[in-house]
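Heavy atoms only: backbone and side chains are in, while hydrogens, waters and symmetry mates are out.
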Amino acid sequence: MAKEAQKLVANNKKVFHDYFVEEKYEAGLVLHGTEVKSLRMGKCSIKEAFVSIDKGEAYVNGMHISPYEKGNIFNKDPLRTRKLLMHKAEISKLAGRVAERGYTLMPLQVYFKNGRAKIEIGLCRGKKLYDKRQDIAKKDMRREVERDFKVKNL
């Protein structure tokens with residue numbers, strides 16, 4: 001089987017700081033012509049984006065795809081709501097989990113896989129302030145250990 005080619009367009013590191021990502025799902029994006037060209041140029045931001053489920057369909061809100069400069073009248077609204085392509089069973093499963101208290105759907109990254117625009121969404125649970133402090137403390141400890149190890153091996 002041939003290796004699948006992936007080209008990363010946008011990444012959302014902020015999600016991993018603010019949420020516990022419990023499950024990851026891949027979904028296709030419904031895009032119009034000039035949006036695909038903008039994505040290929042890397043003009044996408046998912047920092048403030050979130051995923052909602054409405055009437056059995058999944059949508060990504062707040063995802064900003066900059067207008068294609070040569071697109072003129074064919075450009076769409078950069079912040080428009082975009083539909084996600086997922087199996088109905090997956091969507092209903094996610095809708096049930098999001099109905100639970102504390103869960104939300106957040107986009108993790110946007111990429112091209114075999115020429116098709118895909119978005120990876122995560123089922124996330126919000127972190128409390130003390131969880132964030134623990135993560136920062138762990139990172140600091142690891143950084144200190146790496147620094148000490150580096151100094152000893154010189």
If the condition is salt bridge (charged side-chain N to carboxylate O under 4.0 Å, His left out), which residues does Asp54 pass it with, not counting sequence neighbours? none
Measuring from Lys24:NZ to Ile121:CD1, what's the distance to the nearest 0.5 Å? 12.5 Å
Is it the case that more than 12 heavy atoms not belonging to Lys132 sit under 6.0 Å from its NZ atom? yes
Measuring from Glu35:CD to Ser66:OG, what's the distance to the nearest 0.5 Å? 11.0 Å
Give the C-alpha distance, both sets of side-chain angles, the deciding distance and a yes or no for side-chain contact (heavy atoms from CB on, under 4.5 Å) between Ile119 and Val60. CA-CA 10 Å; Ile119 186 168; Val60 63; 4.2 Å; yes
Which heavy-atom pair separates Pro67 from Ser38 by the least distance, and what is that distance? C-OG, 3.6 Å
Heavy-atom nearest pair, Ala117 first then Leu39, reads CB-CD1, 4.1 Å
Which ILVMFWY residues can you reach from Val30 by hopping between side chains whose heavy atoms are under 4.5 Å apart? Leu85
Is a donor on one side and an acceptor on the other found under 3.5 Å between the side chain of Asn12 and the backbone of Ile46? yes
Do the non-hydrogen side-chain atoms of His64 and Lys47 ever get within less than 4.5 Å of each other? no
Flag this pair as yes if the NZ/CZ of Arg82 is under 6.0 angstrom from the six-membered ring centre of Tyr59 and inside a 45 degree cone about the axis; otherwise no. no
Running the 4.5 Å side-chain criterion over Ile, Leu, Val, Met, Phe, Trp and Tyr, what cluster does Leu8 land in, apart from itself? Tyr111
Sorted by chain and number, sequence neighbours left out, salt bridge (charged side-chain N to carboxylate O under 4.0 Å, His left out) with Glu90 holds for none
Side chains of Met63 and Val110: does their closest heavy-atom pair fall under 4.5 Å? yes
Please collect all salt bridge (Lys or Arg N to Asp or Glu O under 4.0 Å) contacts where either partner lies in residues 114-124, sequence neighbours excluded, each pair once. none
Nearest 0.5 Å, please: how far is CG in Leu79 from OG in Ser45? 9.0 Å
Would you check if Leu94 and Met86 make a side-chain contact, meaning some heavy-atom pair closer than 4.5 Å? yes
Would you say that Lys14 contacts Asp18 through its side chain, given a criterion of any heavy-atom pair below 4.5 Å between the two side chains? yes
Count the heavy atoms of every other residue, nucleotide or ligand shown that sit under 6.0 Å from CD of Glu23, and state whether that count exceeds 12. yes
Note: with side-chain heavy atoms under 4.5 Å as the link, the other cluster members for Leu108 come out as Val15, Phe16, Tyr19, Val21, Phe50, Met106
Is the shortest distance from a Lys or Arg side-chain nitrogen in Glu144 or Arg147 to a carboxylate oxygen in the other one below 4.0 Å? yes
Close side-chain approach of Leu84 to Leu29, heavy-atom, < 4.5 Å: yes
Heavy atoms only: give me the nearest Phe112-Val36 pair and the separation to one decimal. CZ-O, 4.1 Å
Less than 4.5 Å apart, side chain to side chain, heavy atoms only: is that true for Pro107 and Val51? yes
Do Ile53 and Glu57 touch side chain to side chain, with heavy atoms closer than 4.5 Å? no
Working to the nearest 0.5 Å, report the span between CG of Asn61 and CG of Leu105. 11.0 Å
Non-hydrogen side-chain atoms of Ile65 and Lys43 separated by less than 4.5 Å: no
Taking the side chain from Thr104 and the backbone from Cys124, do they hold a donor-acceptor pair closer than 3.5 Å? no
